[in-house]
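Here the structure comes first, spelled out in structure tokens, and everything after it is commentary.
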Amino acid sequence: MRRLIIVVSFLIQAYPAIDCLLNVDLLIYGLRPAVMLESIPLSGPGFDVGIEEINRDYSDVLRIKHTYISDENHDLSECDDTSAHFDKISNYYYGSLQNHSEVLLILMHLGCTETRVFAQLSREWNILAVSGGLTYSTLRDMNFYPSTLATGPVQLQLYSVMFEKICGTFEWTNVGFAYDTSGVLPWPGMMHDIFTSNGAVRSGRILLQMFAIAPKPDLPDLLNRISYVSRVIFMSGTPILIRKLMIAAWKQNMTSSEYVWITVDFPEQSVGGPVTWYQNDTDDEIAFRAYGSLMQMITCYDHDVKTNILLKRQFRQIAEDLYGVKYANGQGPSEFTTSSYVVVKMLAQVLNRTIHANIDVFDGRMLAAQFLNKSFSAGSMGEIFIDDSGERQTKICLSVFGNWMGAHFPQRAMFLDHTQPNLQNASEITIQWNTPDKKPPADTPLCGYLGDEVRCRTNSLGTTVTVIVVAAATVSFCCLTAIFWCMRTHRLTHDIWWRLQDEQLCASTVPIPSVHSHFTDSSFKELDELEQC
């Protein structure tokens with residue numbers, strides 16, 4: 001009997017504790033095949049590790065689990081599919097979830113794009129919705145979408161801001177953009193849309209020259225067309241294409257200090273690996289020299305290196321055990337996997353704070369407001385900041401390649417983040433411009449792209465005239481000197497015409513006149529004397 005009383009007392013004490021826990025169901029909607037970095041098999045391990053830590057660290061406050069949208073018919077296999085099957089979320093909300101007042105449902109979208117349908121469901125049901133894929137900044141109006149956040153690791157709009165900041169910092173108003181149209185990567189097409197919609201480009205403050213790179217490009221012809229109109233060229237393509245383009249540019253003398261090349265890249269892109277000159281082939285030396293004029297614009301992160309390695313080792317193991325994904329040597333979980341982990345950590349911090357503040361966590365609008373304008377600690381991932389429109393603010397860097405053969409990859413030189421309005425210098429390395437004055441090169445050459453600027457033509461004409469005048473003066477001086485010398489010689493000769501030379505005076509044969517009637521004897525005597533001479 002005594003033992004029974006103890007058991008009953010334990011149950012009475014235990015059940016209220018269980019009832020006080022907040023049960024959270026994270027409903028994750030996304031691609032099932034591992035075709036994109038943000039797909040469920042590649043992002044899922046981040047949720048698994050994060051949830052395990054949360055349930056351990058906040059065991060007295062909440063219990064969280066995650067549910068993937070059912071995909072028996074393989075309907076979610078491509079990016080376009082994620083926008084066409086939101087009925088799966090509705091079916092779960094109205095069918096599988098029995099009691100909305102006991103379980104806090106939070107929507108998580110890992111689709112390729114942000115979509116208004118997802119945000120509208122969140123607003124209709126007044127539940128928190130988080131977009132964890134690429135951030136397009138299209139759903140950031142909190143008046144229309146008050147319960148939607150974007151925590152993805154890549155902000156596309158930030159590339160537009162960085163593009164404009166770079167041009168403004170270095171005083172470039174005429175630049176080119178060469179982009180791959182082969183379709184191997186979706187990224188170049190995205191950047192085309194981002195750059196052409198930039199406010200400075202549309203208003204004409206920046207003249208953007210577009211160069212589409214064909215699937216089988218004629219690189220010399222492409223470079224010739226670029227040289228006619230641009231000296232600062234942004235470009236986007238696979239790392240292999242970028243390397244070929246830079247090697248061809250070097251061969252056409254288009255990697256001199258007069259040119260600047262900037263590759264616009266997606267972090268940890270899956271095709272071709274990272275951007276590097278090193279391929280261990282016969283073109284390495286040329287590529288190394290060509291990359292001296294190459295910069296890279298890319299989203300960057302501040303992770304603790306050692307802890308990050310350990311964390312990604314967990315991701316890698318779970319990906320293989322639970323999702324059947326085995327990473328190749330040298331590859332690992334991407335920032336989308338890390339972002340999934342970060343989302344769970346942020347969510348737990350907000351829920352814990354909200355519960356203790358007696359705020360209604362089931363009010364999606366109120367819950368979303370707790371994220372705004374706040375920084376969250378994500379352990380080895382550093383600080384994560386959510387701005388007043390519900391968007392995670394990431395950092396974007398301008399990197400350069402080192403000038404020593406061991407530097408296979410670029411290093412940060414400048415960066416832009418939410419803390420400062422302008423580009424900041426990084427601590428890793430500084431940009432060393434190869435121009436004579438060590439300043440950024442002009443976007444337009446001094447004499448124009450074809451060397452036909454008026455000021456250069458004027459200078460050339462002036463130089464030509466000067467040369468002609470100097471040459472004419474020299475010739476005239478020589479002619480006058482010669483004339484003067486001739487005239488002087490003639491005058492001297494004319495003044496001594498009467499002076500005879502000795503040989504003229506003592507001629508060997510002197511004709512004797514045949515007429516003697518006018519000569520006297522003495523005259524003949526003188527003639528005889530002359531003959532004896």
Side-chain angles (χ1 to χ4, degrees), residues 36-38 42-43 46 50 108-114 130-140 148-166 186-187 190-191 194-195 198 236 262-269 274-275 295-305 308 311-312 333-347 349 371-399 410-428:
M36 302 290 289
L37 292 177
E38 59 265 47
L42 300 180
S43 297
M108 186 76 195
H109 181 215
L110 297 179
C112 305
T113 62
E114 292 184 276
V130 181
S131 176
L134 291 174
T135 301
Y136 285 80
S137 303
T138 56
L139 305 178
R140 299 290 79 78
T148 303
L149 305 175
T151 61
V154 180
Q155 294 174 274
L156 292 181
Q157 189 60 32
L158 188 58
Y159 281 80
S160 177
V161 176
M162 184 64 165
F163 165 75
E164 190 171 340
K165 292 291 185 182
I166 290 175
W187 185 251
M190 294 179 186
M191 286 300 97
I194 290 293
F195 284 178
N198 177 273
S236 182
I262 302 175
T263 175
V264 184
D265 294 315
F266 185 84
E268 300 177 314
Q269 51 196 356
V275 175
M295 300 182 182
Q296 183 184 48
M297 187 172 84
I298 190 170
T299 302
C300 48
Y301 309 94
D302 295 322
H303 299 331
D304 180 84
V305 177
N308 190 40
L311 186 61
K312 289 195 172 183
S334 73
E335 284 298 329
F336 285 95
T337 313
T338 304
S339 180
S340 301
Y341 173 83
V342 168
V343 167
V344 176
K345 302 287 279 189
M346 285 195 303
L347 182 60
Q349 293 177 44
F371 287 84
L372 306 183
N373 279 327
K374 291 184 175 67
S375 293
F376 301 91
S377 174
S380 63
M381 302 298 104
E383 292 288 322
I384 306 299
F385 180 76
I386 306 296
D387 70 0
D388 57 358
S389 61
E391 185 169 306
R392 174 185 173 182
Q393 298 300 297
T394 53
K395 177 186 290 186
I396 189 166
C397 293
L398 181 64
S399 302
Q411 293 179 292
R412 299 180 188 180
M414 305 185 79
F415 68 89
L416 179 70
D417 63 13
H418 69 280
T419 63
Q420 298 290 337
N422 299 315
L423 288 178
Q424 305 296 308
N425 292 321
S427 59
E428 287 87 340

How long is the straight-line distance from [atom2] of [Y] back to [atom1] of [X], given to the nearest 0.5 Å?
X: F371; Y: M346; atom1: CZ; atom2: CE; answer: 6.5 Å
X: E164; Y: N198; atom1: CD; atom2: CG; answer: 4.5 Å
X: I396; Y: I166; atom1: CD1; atom2: CD1; answer: 7.5 Å
X: S131; Y: L149; atom1: OG; atom2: CG; answer: 9.5 Å
X: Y159; Y: T299; atom1: OH; atom2: OG1; answer: 3.0 Å
X: F385; Y: D417; atom1: CZ; atom2: CG; answer: 10.5 Å

When you measure from the side chain of [X] to the backbone N and O of [Y], does any donor-acceptor pair fall under 3.5 Å?
X: K312; Y: P333; value: yes
X: S160; Y: L156; value: no
X: E114; Y: S137; value: yes
X: T263; Y: Q296; value: no
X: Q424; Y: N422; value: yes
X: S340; Y: S43; value: yes
X: E38; Y: L134; value: no

So, do [X] and [Y] sit near enough that their side-chain heavy atoms are less than 4.5 Å apart?
X: D387; Y: H418; answer: no
X: Q157; Y: T135; answer: no
X: T394; Y: V154; answer: no
X: M295; Y: M297; answer: no
X: L416; Y: L398; answer: no
X: M190; Y: Y136; answer: yes
X: V264; Y: F195; answer: yes
X: F266; Y: L37; answer: yes

Have E383 and S375 got a donor and an acceptor in their side chains that come within less than 3.5 Å?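 Note: E383 and S375 side chains miss the donor-acceptor criterion.
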Any side-chain donor near an acceptor of the partner, E335 and H303, under 3.5 Å: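 Looking only at side-chain atoms, H303 and E335 do form a donor-acceptor pair, the distance falling under 3.5 Å.
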Checking R412 against S399 for the side-chain contact (heavy atoms from CB on, under 4.5 Å) test, could you report, in this order, the C-alpha distance in whole Å, the side-chain angles of both residues, the deciding distance, and whether it holds? CA-CA 4 Å; R412 299 180 188 180; S399 302; 4.1 Å; yes
Going through the checks in order, is the side-chain contact (heavy atoms from CB on, under 4.5 Å) test met by Q393 and T419? CA-CA 10 Å; Q393 298 300 297; T419 63; over 6 Å; no
Run the numbers on K374 and I386 for side-chain contact (heavy atoms from CB on, under 4.5 Å), then give the verdict. CA-CA 6 Å; K374 291 184 175 67; I386 306 296; 5.9 Å; no
May I have the step-by-step check of side-chain contact (heavy atoms from CB on, under 4.5 Å) for K165 and M414, ending in yes or no? CA-CA 11 Å; K165 292 291 185 182; M414 305 185 79; over 6 Å; no
